[in-house]
Amino acid sequence: MHDIRAIRADAAAFDAALVRRGLPSISADILTRDGERRTAQTALQEKQARRNALAKEIGQGKRKGEDTASLEAEATALRGEMEGLEKRAADLDAAIKAILEALPNTLDPEVPDGPDETANVELSRQGEPRDLGFEPKQHFELGEALGMMDFATASKLAGARFTVLRGPLARLERALGQFMLDLHTERHGYAETIVPSLINAATAYGTGNLPKFEEDLFKTTDGRYLIPTAEIPLTNTVAGDILNEKQLPIRLTALTDCYRSEAGSAGRDTRGMLRQHQFRKVELVSIVHPDQSVDEHERMTRCAETVLGMLGLPFRRMLLSSGDTGFSAARTHDLEVWLPGQQMWREISSCSNTRDFQARRMNARFRSADGKTVAHVHTLNGSGVAVGRALIAVMENHQQADGSILIPDVLRPYMGGLERIAAA
RNA sequence: GGAUGGGUGGCCGAGUGGUUUAAGGCAGCGGUCUUGAAAACCGCCGUGCGUGUAAGCGUACCGUGAGUUCGAAUCUCACCUCAUCCGCCA
C-alpha cells in the first residue's frame with residue numbers, strides 16, 4: 001500500500017514508479033480526490049466540534065434546571081448537515097483506498113526495466129552444469145522407473161497437478177524439509193514456527209494476495225483460503241502490532257504445504273511435479289528495521305543459497321526485471337537451479353524485499369528505542385527453499401547412469417544412512 | 001453443535017448516558033539523588049486523520065458494523081473473536 005502523503009509530497013516520483021510497472025500515471029486523479037476528501041473532512045470536523053460544544057452546554061444547562069430546547073434544536077439541525085459530509089468523506093476515503101490497494105509496490109532503482117523474465121539479470125552463479133557422461137533423464141522419468149513417483153494414482157485421487165510419492169523417494173522429500181529447517185533454525189537464526197494452513201481474508205490482504213489475486217487461491221466453503229505460501233501467516237504474525245525496536249529483527253521459518261490454483265498456467269509444466277496444486281516449502285520471513293532491509297535481503301538470499309550449495313546443486317542468482325517482479329515486492333532475487341534432465345535453469349527460490357508495502361497493508365509498526373517515533377517495519381520473505389523442486393533438482397543432478405539416485409551427504413542422516421535410491 | 005461469561009491504550013485494569021480531557025498500576029523515556037547501578041522521588045508518556053512554517057488546535061477511535069440520543073466506552077441489534085463447561089473428536 002502506498003503512502004498518500006508520499007504521493008502528495010512528490011507526485012512525479014509516484015507516477016514515474018507506476019510507469020516502470022507499465023501503469024498509467026494517476027497521481028492527479030488521486031490527489032484531486034484527496035483534496036476533496038480533506039475539504040469534506042475539515043468541514044465535518046468543524047460541525048462535530050460545534051455539536052460537542054452544544055452537547056456539553058446542554059448537559060450543564062440540564063444540571064442547573066435551565067431550558068435547553070433551543071440548543072437541542074440547533075444540535076438536531078446540525079446532525080442533518082453532518083450526515084452528508086460524513087458520507088462524502090467516507091466515500092472519497094474508500095475510493096482512494098480502492099485505487100491505492102490495487103497498485104503494486106515501487107521498484108528498487110537497481111531493478112532492470114523489461115517486459116518479463118527475459119529481462120532478468122544474472123547476478124552470480126555457484127557451481128556449473130556438469131556433463132554426467134550419459135543422457136540425463138527428467139525427474140518424472142527417473143521417479144516412475146523407480147516405481148516411487150505415481151501420477152496416475154494422484155490423478156485418480158485428486159486430478160491433475162498432484163503427485164503420489166512412495167518409499168525412499170517420499171522419505172527423501174521429508175529429509176529435504178527436515179534438513180532445511182534444521183539449517184535455518186540452528187545456523188541462520190530463524191525461529192521454527194507452525195502456522196495455520198487456512199487464513200482469513202484480512203490476513204491474505206495484508207501480504208497483498210487480496211483483493212487482486214483471489215483467483216490464484218483455493219477458497220474454502222466458510223470463506224477462508226488455503227495458504228499458497230507460509231509467507232502469508234508468518235508475516236501477518238505482526239499485523240496490527242507496534243513492536244519494540246529491540247525486538248527487531250524477527251526471523252521466522254516454517255515448513256508447510258502450499259496450495260495454488262495455478263489459474264492461468266494451463267498447459268505450462270504439465271509433465272512431472274514441477275508445477276503442482278500442492279507442494280511443500282520451507283519459508284523464511286524477516287521483520288526488520290527499515291534501515292536493515294537491504295542487508296537482510298542479501299542475508300536471506302544467502303541463507304537460501306546455502307541450502308542449494310550444501311545439496312551440491314548448481315544455481316544462479318537472478319535479479320528480476322520490472323515486468324517479472326511480483327505485486328508486493330520492491331526487489332526480488334530468484335534462485336534458479338540447473339535441471340540436467342530439462343537442460344534448463346528453473347526457479348527454486350524467490351527472495352523478496354517488500355520494504356514497507358506489506359507493513360502498511362497490515363499496519364505492522366515499531367516504536368523507536370527512544371520511544372519517540374512509530375514507523376512501519378520492513379518485511380521480507382523468501383523460499384528456503386521449495387521442497388518439491390529441491391527433490392526434482394536432487395534427482396536430476398545426482399542421477400546415475402543406471403537410473404539410481406545418489407543421496408547428498410548432508411541428507412544421509414535424515415535417510416537412515418541410505419546412500420543411494422535404487423529400484424527395489 | 002449447545003450453554004454461560006468476556007473483548008477498554010505496548011501490558012494489566014477501573015469505568016452502566018453528561019467536567020471522561022478514559023482513573024490507577026506496570027513497562028518505556030527524561031531528570032533528581034549516587035563513584036556507578038538499584039531503590040526512592042519528580043516529570044513525560046495511546047493511534048490515525050485534518051489543520052498549521054511551527055508551538056499548537058481540532059476530530060475520530062474502548063472487538064467490528066449498524067442504530068437510539070442534543071450527547072454513547074456505557075443503551076439496542078447483528079457479526080467477529082476469546083475463555084469456561086457439556087457433547088463430539090485426531
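The chains referred to below are lettered A, B, ... by the order of the sequence lines, with proteins before strands, and numbering in each begins at 1.
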- Query: Do A:Met395 and A:Leu169 come close enough that some side-chain heavy atom pair is under 4.5 Å?
  - Reply: yes

- Is it true that A:Asp269 and A:Arg346 make a salt bridge, defined as a side-chain N closer than 4.0 Å to a carboxylate O? yes

Just list the side-chain donor-acceptor pairs under 3.5 Å for residues 379-394 of chain A, sequence neighbours left out, or say none.
residue: A:Thr379; atom: OG1; partner: A:Thr354; partner atom: OG1; Å: 2.7
residue: A:Thr379; atom: OG1; partner: A:Gln358; partner atom: OE1; Å: 2.8
residue: A:Asn381; atom: ND2; partner: A:Glu231; partner atom: OE2; Å: 3.3
residue: A:Ser383; atom: OG; partner: A:Ser350; partner atom: N; Å: 2.9
residue: A:Arg389; atom: NE; partner: A:Leu274; partner atom: O; Å: 3.0
residue: A:Arg389; atom: NH1; partner: A:Glu347; partner atom: O; Å: 2.9
residue: A:Arg389; atom: NH2; partner: A:Leu274; partner atom: O; Å: 3.1

Report all interatomic pairs (protein N or O, nucleotide N or O of nucleotides 61-68 of chain B) with separations under 3.5 Å.
none

- What distance, rounded to whole Å, do you find between the two C1' atoms, one in B:rC82 and one in B:rG67? 26 Å

- May I ask you to decide whether A:Glu305 forms a salt bridge with A:Arg317, counting only side-chain N to carboxylate O separations under 4.0 Å? yes

- If only side-chain N and O atoms of A:Asn52 are considered, is one of them under 4.0 Å from the OP1 or OP2 phosphate oxygen of B:rU59? yes

- Message: Heavy atoms only, 4.0 Å cut-off, all strands: where does A:Ala55 land among base, sugar-phosphate and nothing?
- Response: base

- Message: Please pick, from B:rG58, B:rC70, B:rG10, the nucleotide with the shortest atom-to-atom distance to any side-chain atom of A:Ile242.
- Response: B:rG10

- Pairwise P distance, B:rU4 and B:rC44 [rounded to whole Å]: 47 Å

- Item | Rounded distance in Å between the P positions of B:rA90 and B:rG63 | 38 Å

- Message: Would you say A:Arg38 places a side-chain N or O within less than 4.0 Å of OP1 or OP2 belonging to B:rU51?
- Response: yes

- Item | Of A:Asp3 and A:Asn244, the one whose closest RNA chain B nucleotide lies more 5' | A:Asn244

- Message: Would you measure the distance from the C1' atom in B:rU74 across to the matching atom in B:rG6 and give it in whole Å?
- Response: 16 Å

- Does the side chain of A:Arg365 get closer than 4.0 angstrom to OP1 or OP2 of B:rG48 through an N or O atom? yes

- Closest to side chain of A:Ala49, choosing from B:rA60, B:rU59, B:rC29: B:rU59

- Please determine if a side-chain N or O atom of A:Arg8 lies less than 4.0 Å away from the OP1 or OP2 oxygen of B:rC49. no

- Quick one: look up who B:rA83 pairs with, Watson-Crick or G-U, both distances under 3.5 Å, and put none if it's unpaired. B:rU4

- Message: Nearest heavy atom decides the nucleotide; on that basis, is A:Ala73 or A:Glu46 closer to the 5' end of RNA chain B?
- Response: A:Glu46

Extract all donor-acceptor atom pairs below 3.5 Å that involve side chains of residues 282-293 of chain A and protein atoms in other chains or at least two apart in sequence.
residue: A:Glu283; atom: OE1; partner: A:Lys281; partner atom: NZ; Å: 2.7
residue: A:Ser286; atom: OG; partner: A:Glu296; partner atom: OE2; Å: 2.7
residue: A:His289; atom: ND1; partner: A:Asp291; partner atom: N; Å: 3.0
residue: A:Ser293; atom: OG; partner: A:Asn353; partner atom: ND2; Å: 3.1
residue: A:Ser293; atom: OG; partner: A:His378; partner atom: ND1; Å: 2.8

- Message: It should be established whether A:Arg367 places a side-chain nitrogen or oxygen under 4.0 Å from OP1 or OP2 of nucleotide B:rU47.
- Response: yes

- Query: If you measure from the Lys or Arg side-chain nitrogens to the Asp or Glu carboxylate oxygens, is any gap between A:Asp34 and A:Arg37 under 4.0 Å?
  - Reply: yes

- Query: Can you tell which of A:His188, A:Arg187, A:Glu186 makes a side chain to side chain donor-acceptor pair (under 3.5 Å) with A:His184?
  - Reply: A:His188

- Task: If B:rG48 has a Watson-Crick or G-U wobble mate with both distances under 3.5 Å, name it; if not, just say none.
- Result: B:rU59

- Query: When you compare B:rA55 with B:rU47, how far apart are their P atoms, in angstrom units rounded to a whole number?
  - Reply: 15 Å

- Message: Using atom C1' in both nucleotides, what's the gap between B:rA72 and B:rC11 to the nearest angstrom?
- Response: 26 Å

- So what's B:rU32 paired with, Watson-Crick or G-U wobble, going by both distances under 3.5 Å? B:rA40

- Side-chain ion pair, A:Arg367 and A:Glu245, N-O less than 4.0 Å: no

- Item | Counterpart base for B:rC88, defined by Watson-Crick or G-U wobble contacts under 3.5 Å | none

- Query: For atom P, what is the distance between B:rG71 and B:rC61, given to the nearest Å?
  - Reply: 13 Å

- Among B:rG71, B:rC29, B:rG50, the one nearest A:Gln41 by side-chain distance: B:rG50

- Message: Can you see if the side chain of A:Arg5 gets near the phosphate of B:rC49 - specifically, an N or O under 4.0 Å from OP1 or OP2?
- Response: yes

- Query: Choosing from B:rG10, B:rG18, B:rG50, which nucleotide comes nearest the side chain of A:Thr42?
  - Reply: B:rG50

- Item | salt_bridge(A:Glu110, A:Arg331) N-O dist < 4.0 Å | yes

- Between B:rG25 and B:rG13, how far is it from one P atom to the other, in whole Å? 16 Å

- Message: Both distances below 3.5 Å, Watson-Crick or wobble geometry, any strand: find the nucleotide opposite B:rG65.
- Response: B:rC77

